[in-house]
Number of protein chains: 2
Amino acid sequence: MQRVFEALASAPRRKILALLAHGELSAGDIAARFEMTKPSISQHLSVLEAAGLVTGEKRGQFVFYRQVRDNLINTLNGFVQEACPVTRPLKRESAERQHASDETA
Amino acid sequence: MQRVFEALASAPRRKILALLAHGELSAGDIAARFEMTKPSISQHLSVLEAAGLVTGEKRGQFVFYRQVRDNLINTLNGFVQEACPVTRPLKRESAERQHASDETA
DNA sequence: ATGTTATTTATGAAATTTCCTAATCAACGA
DNA sequence: TCGTTGATTAGGAAATTTCATAAATAACAT
């Protein structure tokens with residue numbers, strides 16, 4: 001939780017996550033999209049990895065990174081549960097869905 | 001966006017948001033729940049306020065803080081759209097809704 | 001008016017973050 | 001084997017964050 005939010009506090013790291021939303025990329029491909037040196041990107045990647053938000057896999061010469069999507073979703077969800085229980089605008093929808101799924105459930 | 005995530009990167013600040021989820025509290029009431037001095041809490045509150053996550057209203061001697069829930073929800077949602085477009089478990093649902101709204105659209 | 005309570009502002013020390021350059025490690029190809 | 005490419009590690013400077021203490025501001029009660 002702490003590590004995830006610390007990881008998300010950095011704009012470059014959020015951008016990396018957004019890039020990886022579409023699929024895996026090598027460290028170099030990622031770095032190429034920033035005006036920042038490769039070592040700096042490498043460091044950002046290790047922060048993201050320590051937070052469990054991405055994983056890197058070495059294939060040959062390259063290291064391919066991809067998102068670990070569940071951890072991000074679960075952490076944000078866990079936080080929202082604490083900080084915004086029963087968000088108002090969604091409550092009605094949720095009630096409707098509940099209603100609609102009475103049969104399926 | 002940047003300010004919101006920076007604000008969320010701190011455990012005390014996330015705890016403040018969780019406290020305010022249940023309703024407004026005075027600065028002193030908040031401080032009482034931490035092992036931290038009032039000035040430090042005051043500073044955390046101003047970070048949260050600068051991020052648009054809470055607002056303080058002075059009533060008499062006290063300053064009552066409450067959440068600005070929309071900003072938190074909208075920011076997190078905006079980020080999730082970028083970093084996790086079409087989250088798998090929701091995709092099916094979303095497709096169904098798309099289907100259902102073909103007429104209305 | 002004066003003292004008390006609630007809160008913030010000012011200031012500064014300690015720790016952390018962010019980014020760079022230089023150097024190292026590892027895999028590939030000639 | 002050597003040189004090259006992809007990536008990380010090491011080390012350090014600059015900026016930021018976090019927390020504290022001391023002082024200031026503001027509302028309240030006597």
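Naming convention: chains lettered A, B, ... in sequence-line order (proteins, then strands); numbering from 1 in each chain. These values consider heavy atoms only, across backbone and side chains, with no hydrogens, waters or symmetry-generated copies.
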Assign [X] to base, sugar-phosphate, or nothing according to its heavy-atom contacts below 4.0 angstrom with the strands shown.
X     : answer
B:S46 : nothing
B:R13 : sugar-phosphate
B:S26 : sugar-phosphate

task = Give a yes/no on whether any side-chain N or O of B:Y65 is located under 4.0 angstrom from OP1 or OP2 of C:dA6.
result = no
request  = Return no unless some side-chain N or O of A:H44 is found under 4.0 Å from OP1 or OP2 of C:dT17.
outcome  = no
Return yes if some donor-acceptor pair links the side-chain N/O of [X] with the main-chain N/O of [Y] below 3.5 Å, else return no.
X     : Y     : result
A:K15 : A:R33 : yes
A:T75 : A:N71 : yes
B:R13 : B:E6  : yes

Of all the nucleotides listed ([options]), which has the minimum atom distance to the side chain of [X]?
X     : options                : answer
A:Q43 : C:dT8, C:dC19, D:dA7   : C:dC19
B:P39 : D:dA22, C:dT18, D:dA10 : D:dA22
A:S40 : D:dT8, C:dC19, C:dT7   : C:dC19

Write down the distance between [atom1] ([X]) and [atom2] ([N]), rounded to a whole number of angstrom.
X     : N      : atom1 : atom2 : result
A:L8  : C:dT18 : CG    : P     : 12 Å
A:R14 : C:dT17 : CZ    : P     : 16 Å
B:I41 : C:dA6  : CD1   : P     : 16 Å
A:Q2  : C:dT17 : CD    : C1'   : 14 Å
B:L45 : C:dT8  : CG    : P     : 7 Å
B:D29 : C:dT5  : CG    : P     : 16 Å
A:F64 : C:dA26 : CZ    : P     : 19 Å
A:Q61 : C:dA30 : CD    : P     : 12 Å

task = Of all the heavy-atom pairs spanning A:R69 and B:C84, show the shortest one and how long it is.
result = CG-SG, 3.9 Å
remark   = Ranking B:K58 and B:V47 by the position along DNA chain D of their nearest nucleotide, the one closer to 5' is B:V47
remark   = Whichever of A:T37 and B:S42 has the more 5' nearest nucleotide on DNA chain C, that residue is B:S42
message = Reading DNA chain C from 5' onward, which residue's closest nucleotide shows up sooner: A:A9 or A:F62?
response = A:A9
key: Cation over ring face, B:K58 and B:F64, 6.0 Å, 45°   = no
